[in-house]
Amino acid sequence: MKSLFDETVKTEIENRIKQLSETSKPSWGSMDVSQMLFHCQFPLKIALRKECPKIKPNFLAKLFFKKAMYNDKPWKRNLPTHSKLKVVDPKKFKEEKRALTELINEFSEKRNIKEWDPHPMFGKFTYDQWGKMQFKHLNHHLQQFNV
């Protein structure tokens, strides 16, 4: 599994984001491209402690879904999104694209930090798991928009 801590992978993700336009359409799901860009900021903000949504730790989520956050198996299309991470309001494409790219860079710049705070829902992740999880989430949604 690729990691967002890898500079080559970060560049690959940034180049894929650059291919998006305001008219990009999803292959699945209900978010438009601007909402997807906003949604993709959540895991990065959580990792960087810029946002900590009130999500109750869930034993079953830890048991059954935590490993899926960073393993090599792709996520299925149309997986349910936690209600605190859903985006339904309209968003501005250019602003969200810029904000996501800035967060990706900020996260990537922290590649030398080996100990990270626990995730509010899943608990402790290793350094490798944080990097893989961020890549996997971004990759999933960029595939959703065919880039």
Side-chain angles (χ1 to χ4, degrees), residues 1-53 55 57-58 60-82 84-87 91-147:
M1 171 62 57
K2 294 180 181 181
S3 170
L4 199 57
F5 287 131
D6 180 319
E7 187 65 28
T8 305
V9 172
K10 179 189 77 89
T11 300
E12 170 198 323
I13 291 292
E14 289 174 327
N15 288 336
R16 290 168 67 188
I17 290 170
K18 287 176 186 174
Q19 293 176 44
L20 294 168
S21 72
E22 290 184 65
T23 59
S24 295
K25 300 289 182 210
S27 294
W28 73 86
S30 59
M31 290 186 288
D32 67 28
V33 67
S34 301
Q35 291 168 324
M36 178 274 290
L37 291 167
F38 182 82
H39 168 80
C40 284
Q41 296 171 41
F42 283 124
L44 293 159
K45 287 179 179 180
I46 289 169
L48 296 166
R49 288 300 186 242
K50 292 179 174 280
E51 194 166 299
C52 192
I55 300 174
N58 182 317
L60 292 176
K62 281 184 185 181
L63 184 66
F64 293 109
F65 193 65
K66 183 176 178 179
K67 287 182 183 172
M69 298 293 288
Y70 53 81
N71 66 16
D72 290 331
K73 188 175 178 183
W75 290 337
K76 294 179 182 174
R77 296 177 174 193
N78 293 311
L79 285 173
T81 301
H82 192 285
K84 302 261 186 206
L85 306 178
K86 284 187 179 182
V87 182
K91 300 294 175 191
K92 295 183 179 178
F93 177 78
K94 289 180 184 176
E95 289 177 24
E96 302 310 336
K97 188 175 180 180
R98 178 193 48 73
L100 178 58
T101 302
E102 287 174 3
L103 285 166
I104 289 168
N105 282 305
E106 186 176 348
F107 179 82
S108 181
E109 287 171 5
K110 307 253 185 222
R111 71 176 56 87
N112 294 325
I113 296 173
K114 300 300 179 190
E115 288 293 320
W116 289 74
D117 290 335
H119 188 280
M121 180 182 225
F122 299 109
K124 184 168 175 43
F125 283 113
T126 67
Y127 167 84
D128 288 333
Q129 291 166 344
W130 272 112
K132 290 174 180 180
M133 175 179 67
Q134 298 297 344
F135 168 78
K136 190 169 183 176
H137 185 249
L138 290 164
N139 183 59
H140 174 76
H141 285 292
L142 291 172
Q143 287 177 339
Q144 177 185 12
F145 283 83
N146 303 305
V147 294

Engineer: Give me the ring orientation class for His137 and His39: parallel if the planes are under 30° apart, tilted from 30 to 60°, perpendicular past 60°.
Structural biologist: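 Taking His39 first and then His137, their aromatic rings sit tilted (interplane angle of 30° to 60°).
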Engineer: Does Val87 reach the side chain of Thr81, with side-chain heavy atoms less than 4.5 Å apart?
Structural biologist: no
Engineer: Starting at OG of Ser3, measure out to CZ of Arg111 and round the result to the nearest 0.5 Å.
Structural biologist: 9.0 Å
Engineer: Decide side chain to side chain contact (heavy atoms under 4.5 Å, CB included) for Glu96 and Gln41; before the verdict, give the C-alpha distance in whole Å, the side-chain angles of both, and the deciding distance to 0.1 Å.
Structural biologist: CA-CA 9 Å; Glu96 302 310 336; Gln41 296 171 41; 2.8 Å; yes
Engineer: If every non-hydrogen atom of Ile13 is compared with every non-hydrogen atom of Leu4, which pair is closest and at what distance?
Structural biologist: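 Where Ile13 meets Leu4 most closely, the heavy atoms are CG1-CD1, 4.3 Å.
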Engineer: Would His140 and Trp28 count as a close aromatic pair, with their ring centres under 6.0 Å?
Structural biologist: yes
Engineer: Is there a donor-acceptor pair under 3.5 Å between the side chain of Gln134 and the backbone N or O of Pro43?
Structural biologist: yes
Engineer: If you take all heavy atoms of Gln144 and Gly29, which pair is closest and at what distance?
Structural biologist: NE2-CA, 3.9 Å
Engineer: Quick check: closest heavy atoms across Ile113 and Tyr127, and the distance to 0.1 Å?
Structural biologist: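 Minimum heavy-atom separation between Ile113 and Tyr127: O-CD1, 3.1 Å.
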Engineer: To the nearest 0.5 Å, what is the distance between NE2 (His141) and CG (Leu20)?
Structural biologist: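 Rounded to the nearest 0.5 Å, the NE2-CG separation comes out at 12.5 Å.
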Engineer: To the nearest 0.5 angstrom, please state how far the CG atom of Asp117 sits from the CH2 atom of Trp130.
Structural biologist: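 One gets 8.0 Å once the value is rounded to the nearest 0.5 Å.
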Engineer: Identify, with sequence neighbours excluded, every residue that meets ring pair (Phe, Tyr, Trp, His ring centres under 6.0 Å) alongside Phe107.
Structural biologist: Phe5, Trp116
Engineer: How long is the span from the CG atom in Leu37 to the CG atom in Leu103, to the nearest 0.5 Å?
Structural biologist: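 Reported to 0.5 Å precision, the distance equals 11.5 Å.
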Engineer: Find the distance between NZ (Lys132) and OG1 (Thr126) and round it off to the nearest 0.5 Å.
Structural biologist: 7.5 Å
Engineer: Aromatic rings Phe42 and Phe38: how do their planes relate, parallel, tilted or perpendicular, breaks at 30° and 60°?
Structural biologist: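 It falls in the perpendicular class, over 60°.
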Engineer: To the closest 0.5 Å, what do you measure between CD1 (Ile104) and CD1 (Ile17)?
Structural biologist: 3.5 Å
Engineer: Is there a side-chain contact between Met1 and Lys136 in this structure, where contact means two heavy atoms from C-beta onward sitting under 4.5 Å apart?
Structural biologist: yes
Engineer: Quick check: closest heavy atoms across Ser21 and Val33, and the distance to 0.1 Å?
Structural biologist: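 Looking at all heavy atoms of both residues, the shortest contact is O-CG1, 3.5 Å.
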Engineer: Are more than 12 heavy atoms from other residues, nucleotides or ligands located less than 6.0 Å from atom NZ of Lys114?
Structural biologist: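 Result for NZ/Lys114: enclosed.
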Engineer: Is there any salt bridge (Lys or Arg N to Asp or Glu O under 4.0 Å) pair reaching into residues 12-21, and which pairs are they, with sequence neighbours excluded?
Structural biologist: Lys2-Glu12, Lys10-Glu14, Glu12-Arg16
Engineer: Salt bridge check: are Glu115 and Lys124 linked by an N-O gap of less than 4.0 Å?
Structural biologist: yes
Engineer: Is Met121 close to Ile46 at the side-chain level, that is, under 4.5 Å between some pair of heavy atoms?
Structural biologist: no
Engineer: If a pair satisfies salt bridge (Lys or Arg N to Asp or Glu O under 4.0 Å) and one of its residues is in residues 20-43, list it, with sequence neighbours excluded.
Structural biologist: none
